[in-house]
2 protein chains.
Amino acid sequence: MVTVRDVAREAGVSISTVSRALSVPDKVAVETRERVVSVAAALGYQPNRAAAGLRAGRTGTVGLLVPDLANPYFAAVAKGVTAGAREHALGVFVVDSEEKPEVEAELLRSLAHQTDGVILASPRALDADLPAAGGKPLVVVNQGGPLAVGTDNAGGVALALEHLRSLGHQRIAYVGGPAASWSDAQRRAALHAAGGAGVEVVMLGPFPPTVDGGAGAADDVVASEATAAITFNDVVAVGLVRAVRERGLRVPEDLSVVGFDDTFLAALVTPALTSVGADLREVGRRAIGLLVGRIGARAGSGAATRVLLPATLAVRESTTTPRTARED
Amino acid sequence: MVTVRDVAREAGVSISTVSRALSVPDKVAVETRERVVSVAAALGYQPNRAAAGLRAGRTGTVGLLVPDLANPYFAAVAKGVTAGAREHALGVFVVDSEEKPEVEAELLRSLAHQTDGVILASPRALDADLPAAGGKPLVVVNQGGPLAVGTDNAGGVALALEHLRSLGHQRIAYVGGPAASWSDAQRRAALHAAGGAGVEVVMLGPFPPTVDGGAGAADDVVASEATAAITFNDVVAVGLVRAVRERGLRVPEDLSVVGFDDTFLAALVTPALTSVGADLREVGRRAIGLLVGRIGARAGSGAATRVLLPATLAVRESTTTPRTARED
DNA sequence: CTGAAAGCGCTAACAA
DNA sequence: TTGTTAGCGCTTTCAG
């Protein structure tokens, strides 16, 4: 292993000069710096992050805690986080809580200890988590917190409603997700607020955020006499479409469906789903940005910072004019 | 921050006893050990991995390098890796090479330096990678190497062929993936070897591993007069199904389609895809197992070890008896 | 079985 | 501008 001592000897300087030349270039004479840098490169020197962190009090790594890495939603966020971290020369420790709230705080505790800060995506037990961070900066994705990144759920709901309204829909069902979901609560609130303004919104659920959950909502949706449904996510939409078709109805002719999240799934199914989404990688990148901004700042300093990313609407095949509005 | 010194003082022992009590329990008197352990717990002591690694020469972390974390295939493998690492009390540094071969070796170099070993999933430039690992244990997923974990592509091909043959198909097209793909090469070899034994196999491609790639293969598939197609992966299968239907053919009645990878996508599309798969999380878990086995062993020691996980076949709606074999 | 002491590789005062 | 030195928190000889 090549260490600062090797580089120092070869370059004819002291180890501190090597350290400075590599991490605080301004404090070293140009000539010296260039020599050190080239020697370091020639020897293939790679600084040891653990040692640097030990001394400097910063580890040069951040933690990322997700409920399920195999979920495309979190996978996309994770990709944004790793990309953002790379730009800041940070390492990323990734941990998966397997959707278990009781595991979450424990993992967070050990993660916080080994890193300069943690990004907590869609926490399942935020109250227990906050103290577990042990004073380290904590950026929360998709939920409230002093440092938070989220997508504009209210804006997304507005986009979906406006799209459906412009097609002529007047009675719209919302197929809600798990009761504990923060996003779901935000969307319900936005839908509630929008109700009456030209559309009636029928709230259904909660339903599990799965294909079966969507299928299980079909009877309620049909009974609601809505001409369009907005679902908690794309997977639920797929289940709803499937079950509704089994009842002899057509999508979108008899029922328009709008999904949420705009995962790649939305474009692949038949009919392709109109879906509300957001740039998930940007969510990850912004989370890193927030974290980097707070790392190094005095602990507890700084005001709460919340980043809200705009929602998008991808219009595909699953929405159209309601039958009642057509001339037939 | 609680350190060994705090625990030592509180427990009335020296710091070395604390260290031993926690990491080499056998070398400490039961009574002493219990006292130390309970004090450590009471104080909320968490060992500093960086410091431990610095001294011991092991970091307690492994690296995971994937081409694309947002790809469900790698997300599943990554989930298995993090789960396996947790069982061994290892941290996981995750890095995404964004499918860029030239970035891969560079990332691997820095990753290898900060970890006890690296798992390299589906390398895009393995030859450049091997030296970059710098002597650290390197487990390769889905490609050859001294330490390798993969799925049984030949077995998967055999399962698909046997399934189609039993349905009565005699002429089968393979919609191949990228020329650089190792899995694709293995499958082609297996198909080639199987050709003539009761079935004719028509090799097509290479095609990009995307929906458009699958759609672009439709004409070739139709022209091949095959009654069934096996595709490089599920996404390609979706594209193929879509394009074939646009040409007025039905799936599976006019063309049976078998996908590869058995991602969750396969069960969600219409028709649900029959697909060859494997337990991807197990791939990740086995990779960790291999790595742990090699870490601590003398560098370069030990024979090459390759783990081959069995392929599975999930039969769904996209395959059926060919028209030519039916009484019509 | 336990303690004292020597560093792992690096950075950050403090001197020069 | 550069060098010397003192550790960061921990593990691991080496004594006792």
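Chain letters run A, B, ... following the sequence lines, proteins first and then strands; every chain starts at 1.
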Margin query: A quick test of your reading: do over 12 heavy atoms of other residues, nucleotides or ligands sit less than 6.0 Å from CD of B/E98?
Written below: yes
Notebook entry, point to check: Does anything in residues 18-40 of chain A reach DNA chain D, meaning a heavy atom under 4.0 Å, and if so which residues?
Noted result: A/R20, A/K27, A/V28, A/A29, A/T32
Next item on the list: Could you pull out all residues at least two apart from A/D152 that satisfy salt bridge (Lys or Arg N to Asp or Glu O under 4.0 Å)?
Entry: none
Notebook entry, point to check: Within this structure, what is the CG-to-C1' distance between B/L54 and C/dA6, rounded to whole angstrom?
Noted result: 13 Å
Check: Strictly by modelled atom types, are B/S16 and B/S14 linked by a side-chain donor-acceptor pair under 3.5 Å?
Finding: yes
Check: When the distance from CE of A/M1 to C1' of C/dC8 is rounded to whole Å, what number comes out?
Finding: 10 Å
Check: When you measure from the side chain of B/R20 to the backbone N and O of B/V28, does any donor-acceptor pair fall under 3.5 Å?
Finding: no
Check: Is there a residue in residues 10-17 of chain B whose heavy atoms reach under 4.0 Å of DNA chain D, and which residues are they?
Finding: B/I15, B/S16
Margin query: Checking salt bridge (charged side-chain N to carboxylate O under 4.0 Å, His left out) between B/R124 and each of B/E104, B/E102, B/E99, which is the one that passes?
Written below: B/E99
Margin query: Given 3.5 Å as the limit, does a donor-acceptor pair link the side chain of A/N71 with the main chain of A/Y73, or not?
Written below: yes
Note to self: Ignoring hydrogens and geometry beyond distance, is a side-chain donor-acceptor pair present between A/T61 and A/T59 at under 3.5 Å?
What the structure shows: yes
Note to self: What is the distance, to the nearest angstrom, from the CZ atom on A/R49 to the P atom on C/dT11?
What the structure shows: 12 Å
Item checked: Whole angstrom value for the distance that separates C1' of C/dC8 from CG of B/N48 -> 13 Å
Notebook entry, point to check: Given the rule in the side-chain contact (heavy atoms from CB on, under 4.5 Å) test, do B/D96 and B/F74 qualify, once you have shown the distances and angles that lead to the verdict?
Noted result: CA-CA 10 Å; B/D96 185 320; B/F74 296 116; over 6 Å; no
Margin query: Can you identify which nucleotide, out of C/dC10, C/dT11, D/dT11, has its nearest atom closest to the B/R55 side chain?
Written below: D/dT11
Check: How close or far is atom P of D/dC10 from atom NE2 of A/H113, stated in whole angstroms?
Finding: 7 Å
Notebook entry, point to check: How many Å lie between CZ on A/R9 and C1' on C/dG9, as a whole number?
Noted result: 14 Å
